[in-house]
**Student:** 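Handing you a structure now.
The structure presented is a predicted model; accordingly, all values stated were derived computationally and were not measured. Side chains included, hydrogens not; waters and symmetry mates left out as well; all remaining heavy atoms used. The sequence lines fix the lettering, A, B, ..., with proteins before strands; numbering per chain opens at 1.
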Protein chains: 2
Amino acid sequence: MSLFLSSYENRLDTKGRISVPAPFRASVASEKFAGVVLYRSFTHNCIEGLSMSRMEQLAAATDKMGVFDSELDDLSAMLFADARPLAFDVTGRIVIPTELLKHAGITDRAIFVGRGNSFQIWNPDAFRAAQEKSLNNLRATRPNLTIV
Amino acid sequence: MSLFLSSYENRLDTKGRISVPAPFRASVASEKFAGVVLYRSFTHNCIEGLSMSRMEQLAAATDKMGVFDSELDDLSAMLFADARPLAFDVTGRIVIPTELLKHAGITDRAIFVGRGNSFQIWNPDAFRAAQEKSLNNLRATRPNLTIV
DNA sequence: AATCATTTTATGGGATTTTATGGTTTAATT
DNA sequence: AATTAAACCATAAAATCCCATAAAATGATT
């Protein structure tokens, strides 16, 4: 699976369909499941997105961490229960379930945001506000950028 | 991946295409992705450039910190959301997105500047001015570079 | 060192394909 | 029958491919 990079703003049509950006579709093109997995972000008012193979990776990781870890139990309970697998239609569109749209405050437009091994879907205005904040945080705290 | 060294000034055509200098293309020639990844510099009015493998290194680093760790959140949010994967065309050109050009003040000419494991793209005049300034700083502070 | 031949590189423009998006029709579910 | 969901068709804009050429770099041969 290749990385999810960059950001793409698309619009929802009257039926709630929205095109997953072609580069994101390309990122999962080699997988068995032609689609993505979405769930509500625990930390932001946005939707988190993954490939199915990444979801399987997470399942394997939680397995390894032990069955009796209660924190992890909560996490995986949320994650797997909430996760919605959504297949692309022929033109590469999905219909995002209403609960997810509501959680992200999305109505007629949405922005797909690359996050490396995952991505997010935001209300465009909310995203830009959040980015502004992140940039200010970065400039204030100047974390270690040497890796870049 | 071999180092990005030296500087090369090229011109943008009417479609916004610009040749990536052949030596820079050679630096990423062995990689799966035949192209580069660009994003807006956090600190300067220029564009930063990386190879895709370097980008994947960054993704792996954020993975190691835990998928739900928030420490690197701001940095990776900025970086991956802004990063544009740009494939070379047959003759080795890319089209630099308008936001990036705007951020760097580039119109019809641009200079590719080697930075070792990465590179930058500048408005040629802005770059020369910045270099002049850097040189003066160096002369004043005479920093020491420790090897290893 | 100088000439010439060959290859590579940077740049230009037209043709083709992909993509996002809208609408219509058919099938399924209640 | 009514509503919902899925499949199908259409299109304008944008991105990409393809071909052509001049300049520059390289290498070979004097």
**Student:** Output every pair passing salt bridge (Lys or Arg N to Asp or Glu O under 4.0 Å) with a member in residues 107-124 of chain B, not counting sequence neighbours, ordered by first then second residue.
**Tutor:** B:Glu9-B:Arg109
**Student:** Mind running a 4.0 Å heavy-atom check of residues 13-36 of chain A against DNA chain C and sending the residues that fall below it, in number order?
**Tutor:** A:Asp13, A:Lys15, A:Arg17, A:Ser19, A:Val20, A:Pro21, A:Ala22, A:Arg25
**Student:** Quick one: side-chain hydrogen bond (donor to acceptor under 3.5 Å, both in side chains) pairs with a partner in residues 15-24 of chain A, sequence neighbours left out?
**Tutor:** A:Asp13-A:Arg17
**Student:** Sequence neighbours left out, what passes side chain to side chain contact (heavy atoms under 4.5 Å, CB included) with B:Leu100? Give chain and number order.
**Tutor:**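 Per chain and number, B:Leu100 pairs via side chain to side chain contact (heavy atoms under 4.5 Å, CB included) with B:Leu38, B:Arg40, B:Ile47, B:Arg84, B:Ile96, B:Pro97.
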**Student:** Which nucleotide of DNA chain C is the first, and which the last, in the 5' to 3' direction, to come under 4.0 Å of a heavy atom belonging to chain A?
**Tutor:**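 On DNA chain C, the outermost contacted nucleotides are C:dT19 to C:dT24.
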**Student:** Does any N or O in the side chain of B:Ser41 come within less than 3.5 Å of the main-chain N or O of B:Glu48, such that one atom is a donor and the other an acceptor?
**Tutor:** no
**Student:** Any donor and acceptor pair, going by atom type alone, linking the side chain of A:Arg54 with main-chain N or O of A:Ser118 inside 3.5 Å?
**Tutor:** no
**Student:** Pick base, sugar-phosphate or nothing for A:Asn10, based on heavy-atom distances below 4.0 Å to the nucleic acid.
**Tutor:**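 Sugar-phosphate, no base atom in range.
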**Student:** What's the verdict on side-chain contact (heavy atoms from CB on, under 4.5 Å) for A:Asn117 and A:Leu3, showing C-alpha distance, side-chain angles and the deciding distance?
**Tutor:** CA-CA 5 Å; A:Asn117 287 317; A:Leu3 298 178; 3.6 Å; yes
**Student:** Apply side chain to side chain contact (heavy atoms under 4.5 Å, CB included) to B:Lys133 and list each qualifying residue two or more places apart in sequence or on a separate chain.
**Tutor:** none
**Student:** Let's see if you get this right: which residues in residues 103-113 of chain B place a heavy atom under 4.0 Å from DNA chain C?
**Tutor:**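 Here the set is empty: none.
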**Student:** Is A:His103 atom NE2 crowded by more than 12 heavy atoms from other residues, nucleotides or ligands, each under 6.0 Å away?
**Tutor:** yes
**Student:** Run the side chain to side chain contact (heavy atoms under 4.5 Å, CB included) test against B:Asn137 and tell me which residues pass, sequence neighbours left out.
**Tutor:**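 Counting only residues at least two positions away or on another chain, B:Asn137 forms no side chain to side chain contact (heavy atoms under 4.5 Å, CB included).
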**Student:** Determine which pairs satisfy ring pair (Phe, Tyr, Trp, His ring centres under 6.0 Å) with at least one residue from residues 1-26 of chain B, sequence neighbours left out, and list them in order.
**Tutor:**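 Every ring pair (Phe, Tyr, Trp, His ring centres under 6.0 Å) pair that includes a residue of residues 1-26 of chain B, provided the two are not neighbours, is B:Phe4-B:Phe24, B:Phe4-B:Phe119, B:Tyr8-B:Phe24, B:Phe24-B:Phe119.
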**Student:** Mind checking side chain to side chain contact (heavy atoms under 4.5 Å, CB included) for B:Ser2 and listing every partner two or more places apart, or none if nothing turns up?
**Tutor:**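 Applying side chain to side chain contact (heavy atoms under 4.5 Å, CB included) to B:Ser2 gives B:Ser27.
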**Student:** Using whole Å, what does the distance between atom C1' of nucleotide D:dT4 and atom CG of A:Asp89 come to?
**Tutor:**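 Value for this atom pair: 16 Å.
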**Student:** With distance as the sole test, does A:Glu31 use its side chain to make a donor-acceptor pair with the main-chain N or O of A:Ser53 at under 3.5 Å?
**Tutor:**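 Answer holds: yes.
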**Student:** Considering only nitrogen or oxygen atoms on both sides, find all protein atoms under 3.5 Å from nucleotides 20-25 of chain D and state each distance.
**Tutor:**
none

**Student:** To the nearest 10°, let me know how far the axis at one end of the helix from C:dA1-D:dT30 to C:dT30-D:dA1 is tilted from the axis at the other, five pairs an end.
**Tutor:**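 Roughly 40°, once rounded to the nearest ten degrees.
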**Student:** Taking C-beta and beyond as the side chain, do A:Met52 and A:Val28 meet within less than 4.5 Å on heavy atoms?
**Tutor:** no
**Student:** Taking C-beta and beyond as the side chain, do B:His44 and B:Trp122 meet within less than 4.5 Å on heavy atoms?
**Tutor:** yes
**Student:** Between the side chains of B:Gln131 and B:Arg128, is a donor N or O closer than 3.5 angstrom to an acceptor N or O?
**Tutor:** no
